[in-house]
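Report on the following structure.
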Amino acid sequence: MSQKHPYIRISSGGGGGGGGGGSSSPTTTTPSPPPSPLRSPRRRLPGARSGRFSSASQQPRSALHRLAWAALSLVLRRQGIFLFAPLLYIAGMLFYMGTVSIDSVVPNVMSRPPKGSVYRSPEVYRRLRPEMDADNSSGDALANVWKRTNKGAEWRPCINTTTVGLPDSNGYLYVEANGGLNQQRTSICNAVAVAGYLNATLVIPNFHFHSVWRDPSKFNNIYDEEHFISTLKTEVRVVNSLPEYIMDRFGHNMSNVFNFRVKAWSSIKYYKDDVLPKLVEERLIRIAPFANRLSIDAPPAIQRLRCLANYEALRFSGPIATFAESLVTRMKKHSKHNNGRYIAVHLRFEEDMVAFSCCIYDGGEQEKHEMNAARERGWRGKFTRPGRIIRPGAIRMNGKCPLSPLEVGLMLRGMGFDNNTSIYLASGKIYNAETNMVPLLEMFPLLQTKETLASPEELAPFKNFSSRMAAIDYTVCLYSEVFVTTQGGNFPHFLIGHRRYLNGGHSKAIKPDKRKLALLFDNPNIGWKDFKRHMANMRAQSDAKGIESRRPTDSAYTYPCPDCMCRTEKSEVHRSKAP
């Protein structure tokens with residue numbers, strides 16, 4: 001059995017057990033060194049030196065010295081405190097920085113705002129104006145603005161209609177068209193497409209009164225109702241009112257009719273699976289609101305109905321059409337020196353548009369106060385809610401700011417249109433027109449509006465109805481040689497599509513690159529020749545994009561090719577035009 005080795009404590013003394021040194025044990029032990037003699041205290045003589053320390057160190061110490069020696073002694077005895085040295089250093093630095101002004105440490109560096117983020121167009125105008133006025137190299141820009149031609153083929157309207165009688169109706173479809181003129185137009189055309197697909201009888205859409213547009217007009221105040229019904233008669237049944245037995249069933253109260261709350265951009269399959277069974281059951285359904293309640297991409301049969309409604313069935317009412325056509329005639333007379341050709345500009349610089357954009361122009365504190373008040377009136381609390389961050393500079397750089405009248409004039413002069421060009425301005429009341437319209441009129445003195453072309457008496461029947469006034473602008477813009485859009489929205493989208501439908505597939509429209517314009521207008525040092533070069537490229541780009549076919553994410557109301565138009569070989573066209 002093994003013996004457990006006991007724990008042996010080695011003594012610091014040299015004696016105990018050392019007497020066995022002469023033993024015959026096989027293990028030899030090394031004797032311990034003798035202990036150090038005890039140190040006897042030295043006698044201190046007055047004035048004697050003490051080792052390494054001078055007599056000065058023996059002077060009475062102050063309380064601060066004693067505290068320092070105590071701290072040093074603590075550090076030397078407790079070396080773990082060094083682990084906290086970095087924390088002590090950081091704490092000391094923070095304490096120091098808190099007692100020193102940051103302005104005395106960091107230099108004040110003035111940084112220029114990002115390029116394109118500031119409205120400097122007035123400076124650019126003042127610099128370019130002398131060279132612009134002296135430039136006589138424009139020539140007849142209106143005659144040569146559109147250079148792109150259809151190679152080998154051209155587009156023509158080809159909306160086929162059926163001659164076969166309609167089957168028995170599945171029921172009545174009643175929709176409420178909300179929004180302004182062209183948003184209502186979207187609702188009408190989509191309603192025609194849905195009614196045709198469901199084999200429903202469409203009731204003439206009801207126009208919802210909107211607090212912004214404040215126009216109480218009905219369908220027949222804006223559109224030719226009889227023409228609408230007769231154009232669609234072989235495709236969709238349309239009635240201007242519900243039969244009495246249907247109204248009796250619902251107590252002559254449309255709020256009793258089942259209302260579908262359809263999601264925006266719903267597919268046509270949704271209408272087949274969810275809406276049709278309810279239509280057959282109830283015989284009358286209501287969809288309110290109806291704007292944008294049908295997806296853009298749809299089967300060809302649906303697109304054909306949209307085309308038929310938009311380009312053929314919807315025609316402005318007699319009073320609007322007659323008055324608008326008279327303004328077109330007057331514009332052509334004002335443009336005799338250009339063979340009746342004129343430019344139409346859709347300018348969105350009304351107070352509500354400027355306010356909604358949150359962009360900053362050159363009006364200073366007065367503009368800031370007026371815009372804040374306009375935002376609060378129109379969109380109470382929307383722009384001031386907690387967490388809402390508005391960056392006007394970023395908005396301008398992204399091309400989201402409405403072009404000012406001055407910027408539109410600079411752009412058009414740079415594109416080669418001289419001061420003899422006739423312009424029709426389609427817009428509402430321009431914000432601060434007394435100041436903002438001055439540069440545009442200096443560059444284009446032949447500018448016209450509804451108010452300058454017509455007398456107050458002629459305008460009176462339309463004056464207080466925003467949709468009727470918009471319909472007049474729509475018609476005058478439709479027949480211009482060039483249409484210029486300065487801001488997005490339903491008006492230019494529908495108008496560009498309609499112009500393509502009438503002009504062989506070409507929109508003849510200028511849609512500027514507003515991001516690029518923001519950079520150019522933020523360069524007060526730009527020269528006239530350089531500016532003209534950029535504008536000529538922008539005009540050529542609009543020309544190149546004038547003829548485009550619809551992609552799956554595009555609307556047939558803006559891109560009628562190929563759903564509403566067909567390609568025809570030029571040789572065939574020439575043969576058909578030959579006597």
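Here the structure is a predicted model, which is why all the values come from computation and not from measurement.
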Would you call [X] and [Y] a side-chain contact if the rule is heavy atoms closer than 4.5 Å?
X: T558; Y: R500; answer: yes
X: W528; Y: R413; answer: yes
X: I222; Y: L181; answer: yes
X: K450; Y: D473; answer: yes
X: Y311; Y: P560; answer: yes
X: N372; Y: E376; answer: no
X: L142; Y: V482; answer: yes
X: I343; Y: I510; answer: no

Do [X] and [Y] pair up side chain to side chain, a donor and an acceptor below 3.5 Å, judged on atom types alone?
X: K511; Y: Q541; result: no
X: Q184; Y: Y223; result: no
X: E407; Y: Y361; result: no
X: N182; Y: R185; result: no

I need the minimum non-hydrogen distance between [X] and [Y], along with the two atoms involved.
X: P512; Y: L517; answer: CB-CD1, 3.8 Å
X: Q487; Y: P402; answer: OE1-CA, 3.5 Å
X: I526; Y: V124; answer: CG2-CG1, 4.1 Å
X: A344; Y: S480; answer: CB-OG, 3.5 Å
X: A454; Y: L459; answer: CB-CG, 4.1 Å
X: L294; Y: I268; answer: CD1-CD1, 4.0 Å

Query raised in the report: L478 and R499: side chain to side chain contact (heavy atoms under 4.5 Å, CB included), yes or no, with the steps?
Result: CA-CA 6 Å; L478 183 62; R499 288 172 64 86; 3.9 Å; yes

Query raised in the report: Checking side chain to side chain contact (heavy atoms under 4.5 Å, CB included) for the pair I188/F207: CA distance, chi angles, key distance, verdict?
Result: CA-CA 10 Å; I188 296 167; F207 286 176; 3.8 Å; yes

Requested in this report: Decide yes or no on side chain to side chain contact (heavy atoms under 4.5 Å, CB included) for S117 and M397, but give the supporting numbers first.
Outcome: CA-CA 5 Å; S117 63; M397 291 170 63; 3.7 Å; yes

For [Y], is there an ion pair with [X] - N to carboxylate O distance below 4.0 angstrom?
X: R315; Y: D224; answer: yes
X: D543; Y: R539; answer: no
X: R330; Y: E458; answer: yes
X: D135; Y: K532; answer: yes

Distance from [X] atom [atom1] to [Y] atom [atom2], nearest 0.5 Å?
X: C307; Y: I159; atom1: SG; atom2: CD1; answer: 5.0 Å
X: R120; Y: R396; atom1: CZ; atom2: CZ; answer: 10.5 Å
X: N537; Y: H534; atom1: CG; atom2: NE2; answer: 8.0 Å
X: I287; Y: S266; atom1: CD1; atom2: OG; answer: 9.0 Å
X: I395; Y: S357; atom1: CD1; atom2: OG; answer: 7.0 Å
X: S422; Y: K336; atom1: OG; atom2: NZ; answer: 12.0 Å

Backbone N or O of [Y] within a donor-acceptor pair of the [X] side chain at under 3.5 Å?
X: T452; Y: Q448; answer: no
X: D215; Y: S217; answer: yes
X: D418; Y: N420; answer: yes
X: R375; Y: G381; answer: no
X: D522; Y: A518; answer: no
X: K514; Y: T486; answer: yes
X: Q183; Y: G179; answer: no
X: R385; Y: K382; answer: yes
X: N436; Y: Y431; answer: yes
X: S326; Y: F323; answer: yes

Give a yes or no on this: more than 12 heavy atoms of other residues, nucleotides or ligands lie within 6.0 Å of atom [atom1] of [X].
X: R533; atom1: CZ; value: yes
X: H369; atom1: NE2; value: no
X: Y479; atom1: OH; value: no

**Report entry** C564 vs C158, disulfide (SG to SG under 2.5 Å): CA-CA, chis, key distance, verdict
**Finding:** CA-CA 6 Å; C564 317; C158 62; over 6 Å; no

Report summary line: disulfide (SG to SG under 2.5 Å) pairs touching residues 422-487, sequence neighbours excluded, are none

**Report entry** Full working for ring-ring contact (aromatic ring centres under 6.0 Å, His included) between Y342 and H334
**Finding:** CA-CA 9 Å; Y342 62 91; H334 281 286; over 10 Å; no

Query raised in the report: Looking at F316, does the NZ or CZ of R468 lie under 6.0 angstrom from its six-membered ring centre and within 45 degrees of the ring axis?
Result: no

Query raised in the report: Do R348 and F491 meet the cation-pi criteria used here (NZ or CZ under 6.0 Å from the six-membered ring centre, within 45° of the axis)?
Result: no

Requested in this report: Carefully, step by step, assess S317 and N221 under the rule side chain to side chain contact (heavy atoms under 4.5 Å, CB included).
Outcome: CA-CA 7 Å; S317 64; N221 297 134; over 6 Å; no

Query raised in the report: When the ring centroid of Y197 is compared with that of Y271, is the distance short of 6.0 Å?
Result: no

**Report entry** Aromatic contact, F228 with F219 (centres under 6.0 Å)
**Finding:** yes

Report task. Over 60° means perpendicular and under 30° means parallel, so classify the ring planes of Y557 and F494, tilted if in between. Result -> parallel

